[in-house]
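See below for the structure under consideration.
Both counts, for ligands and for their atoms, begin at 1 and track the order of listing. Keep in mind the model is a prediction, meaning the values are calculated, not measured.
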Amino acid sequence: MEKKVILVTGGAGFLGSHLCEKLLSLGHQVLCLDNFFTGRRENVSHLIQHPDFELVRHDVTEPIRLEVDQIYNLACPASPRHYQQNPIKTIKTSVMGAINVLGLAKRIGARVFQASTSEVYGDPIIHPQPESYWGNVNPVGQRSCYDEGKRVAETLFFDYHRQNGVDIRVARIFNTYGPRMQAGDGRVVSNFIVQALRGEDLTIYGDGTQTRSFCYVDDLVEGFVRLMNSEGLTGPVNLGNPQEFTMLELAEQVLAEVGGRSRLVHLPLPADDPRQRRPDITLAKEKLAWQPQVPLQEGLVRTVRHFKHVL
Ligand code: NAD
Ligand code: UDP
């Protein structure tokens with residue numbers, strides 16, 4: 001593969017740091033840009049010495065002037081706990097961030113990838129969710145700053161593509177987990193593992209019958225690179241693991257892995273919490289020859305090992 005200069009916004013975050021690693025391993029030069037809201041220098045500290053890696057503090061709501069071949073736009077807090085801390089900033093990051101990376105891509109002729117989300121489907125009525133589904137999103141709820149921000153970002157990507165011929169790739173990412181998730185980010189996989197390791201009770205929100213489909217981070221990053229380097233496919237393309245679990249099943253799997261004496265306690269369900277979520281990945285299978293390889297049990301083993309280390 002030809003050596004490219006690649007910009008990763010949000011590159012010091014959970015997914016971004018794994019992507020930077022992958023791109024360096026493929027022989028590319030990586031420019032990692034982050035405002036360190038939820039990302040940390042430690043996530044990429046092992047890459048700092050790499051001659052092809054550069055880390056820059058920058059907020060994507062400000063314009064960007066660089067010369068690169070490809071742009072992966074990941075900058076945006078992903079956990080409800082983080083994106084609801086400052087909802088107005090979350091929308092600005094999604095919308096102004098998209099305008100700024102698209103403006104850059106337009107000016108320099110770079111290909112640009114957007115990390116969109118299954119949240120564009122909201123609380124989905126169609127199950128599993130194909131890319132053709134328009135979603136069921138509350139425009140004025142607590143999750144709207146994230147969901148609607150990401151929806152507008154998708155719109156901007158397709159308008160820059162139609163109006164200015166910008167070369168775009170849009171991935172709709174479903175719940176992803178793995179090493180470098182933050183212990184305190186409030187997401188279900190990190191919460192359950194940390195609680196189990198500390199011998200605390202596992203907090204099930206609602207009755208625990210709501211479902212999610214969990215993708216291991218290495219599988220997802222492989223999907224990113226395949227989509228970015230595919231020809232003639234703008235997306236949106238669902239990237240996620242179609243194996244679906246209830247939160248009760250997830251809790252049982254975590255307890256089976258960690259052991260200990262934790263029990264399950266029920267807490268109120270957050271507002272607008274989606275009932276069910278599972279990607280239809282037919283498109284990714286057909287066009288990218290991609291599907292997840294790491295089953296939940298194996299991914300949990302690797303993630304538990306990470307949390308044992310950081311705790
Ligand atoms: P994360 O919070 O670990 O990473 C986001 C990164 O973006 C952090 O490093 C943060 O500091 C940075 N950032 C936030 N606002 C910024 C700004 N204004 N300017 C510059 N940098 C900024 O989350 P993640 O799980 O790594 O998610 C990465 C991307 O993938 C996000 O866009 C998220 O919406 C998307 N996504 C993630 C998941 C998932 O399950 N992890 C699912 C769907 C979509
Ligand atoms: N959840 C839970 N206990 C927790 C954290 C989350 O039962 O300690 C539930 C949450 O209500 C949701 C699911 O797990 O139904 C996934 O939550 P997460 O925040 O990880 O992701 P998202 O809702 O954004 O898909």
(message) Would you say H127 and E244 are linked by a side-chain donor-acceptor pair, where the criterion is simply a distance under 3.5 Å?
(response) yes
(message) I'd like to check which ligand 2 atoms, numbered from 1 as shown, lie under 4.0 Å from a non-hydrogen atom of G186.
(response) 5 (C)
(message) With the threshold set at under 4.0 angstrom, would you say H58 reaches ligand 1 through any of its heavy atoms?
(response) yes
(request) Give the atoms of ligand 2, by number and element, whose distance to some non-hydrogen atom of Q210 is under 4.0 Å. (result) 9 (C), 11 (O), 15 (O)
(request) For N191, take its heavy atoms, then give the atoms of ligand 2 lying under 4.0 Å from any of them. (result) 4 (C), 5 (C), 8 (O)
(message) Please work out, at 4.0 Å between heavy atoms, whether the side chain, the backbone, both, or neither of H82 comes within that distance of ligand 1.
(response) neither
(request) Report yes if A75 has an N/O atom closer than 3.5 Å to an N/O atom of ligand 1; otherwise report no. (result) no
(message) Can you tell me how far apart CZ (R187) and CG (N175) are? Round to the nearest 0.5 Å.
(response) 8.0 Å
(message) Please find the pair of heavy atoms, one from N238 and one from Q129, that lie closest to each other, and give the distance.
(response) ND2-O, 2.8 Å
(request) Pick one of side chain, backbone, both or neither for how K150 approaches ligand 1, counting any non-hydrogen atom pair under 4.0 Å. (result) side chain
(request) Kindly compute the distance separating CD1 (I173) from NZ (K150), expressed to the nearest 0.5 Å. (result) 6.5 Å
(request) Flag the pair D52 and K3 as a salt bridge only when some basic side-chain nitrogen lies within less than 4.0 angstrom of an acidic carboxylate oxygen. (result) yes
(message) Whether the H82 and Q84 side chains hold a donor-acceptor pair (N or O, under 3.5 Å, no angle test) is what I'd like checked.
(response) no
(message) Using a 6.0 Å distance limit plus a 45 degree cone around the ring axis, check whether R302 lies over the aromatic ring of Y216.
(response) yes
(request) Just jot down the ligand 2 atoms closer than 4.0 angstrom to any heavy atom of P270, in number order. (result) 11 (O)
(request) Quick one: look at Y177 and ligand 1, take heavy-atom pairs under 4.0 Å, and tell me if it's side chain, backbone, both or neither. (result) neither
(request) Provide the number and element of each atom of ligand 2 under 4.0 Å from a heavy atom of N175. (result) 21 (O), 22 (P), 25 (O)
(request) For ligand 1, indicate whether the residue L15 contacts it via side chain, backbone, both or neither (heavy-atom separation under 4.0 Å). (result) both
(request) Return yes or no for this condition: an N or O of G11 is under 3.5 Å from an N or O of ligand 1. (result) no
(message) Using a 4.0 Å cutoff against the non-hydrogen atoms of P80, which atoms of ligand 2 qualify?
(response) 19 (O), 24 (O)
(request) Mind checking whether S79 contacts ligand 1 via backbone (N, CA, C, O), side chain (CB onward), both or neither, at a 4.0 Å heavy-atom cut-off? (result) neither
(request) Considering heavy atoms of the protein only, find what lies nearest to atom 3 (N) of ligand 2 and give residue, atom and distance to 0.1 Å. (result) T203 O, 2.6 Å
(request) Report yes if some N/O of S118 lies less than 3.5 Å from some N/O of ligand 1; otherwise report no. (result) no
(message) Does ligand 1 come near enough to N35 that some N or O of the ligand is less than 3.5 Å from an N or O of the residue?
(response) yes
(message) Over 60° means perpendicular and under 30° means parallel, so tell me whether F224 and F113 are parallel, tilted or perpendicular.
(response) tilted
(message) Between D219 and V294 (side chain of the first, backbone of the second, donor and acceptor by atom type, cut-off under 3.5 Å), is there such a pair?
(response) yes
(message) Quick test: of every protein heavy atom, which one is nearest to atom 11 (O) of ligand 1, and how far off is it to 0.1 Å?
(response) D34 OD1, 2.6 Å
(message) Between N241 and S213, is there a side-chain donor-acceptor contact under 3.5 Å, judged purely by atom types and distance?
(response) no
(message) Given Y121, which partner from the list R172, E131, R151 fulfils the side chain to side chain donor-acceptor pair (under 3.5 Å) test?
(response) R172
(request) Quick one: look up the protein heavy atom nearest atom 10 (C) of ligand 2 and list residue, atom name and how far away it is. (result) D273 OD1, 3.4 Å
(request) Please could you name the atoms of ligand 2 that R143 approaches to less than 4.0 Å, counting only its heavy atoms? (result) 22 (P), 23 (O), 24 (O)
(request) Could you say whether the N/O atoms of F37 and ligand 1 ever approach to under 3.5 Å? (result) yes
(message) Tell me whether R212 forms a cation-pi arrangement with F245, defined as NZ or CZ under 6.0 Å from the six-membered ring centre and within 45 degrees of its axis.
(response) no
(request) Considering non-hydrogen atoms only, spot the tightest contact between R275 and D123 and give its length. (result) N-OD1, 3.0 Å
(request) Give the residue and atom name of whichever protein heavy atom lies nearest to atom 4 (O) of ligand 1, and the separation in Å to one decimal. (result) G13 CA, 3.6 Å
(request) Could you say whether the N/O atoms of N73 and ligand 1 ever approach to under 3.5 Å? (result) no
(message) Using a 3.5 Å cut-off on N or O atoms only, is S116 in polar contact with ligand 1?
(response) no
(message) Does the residue T9 have a heavy-atom contact with ligand 1, meaning some pair of atoms that are separated by less than 4.0 Å?
(response) no
(message) Starting from atom 5 (C) of ligand 2, what is the nearest protein heavy atom, named by residue and atom, and what distance separates them?
(response) Y205 CE1, 3.3 Å
(message) Distance under 4.0 Å to a non-hydrogen atom of M247: what atoms of ligand 2 satisfy this?
(response) 13 (C), 14 (O)
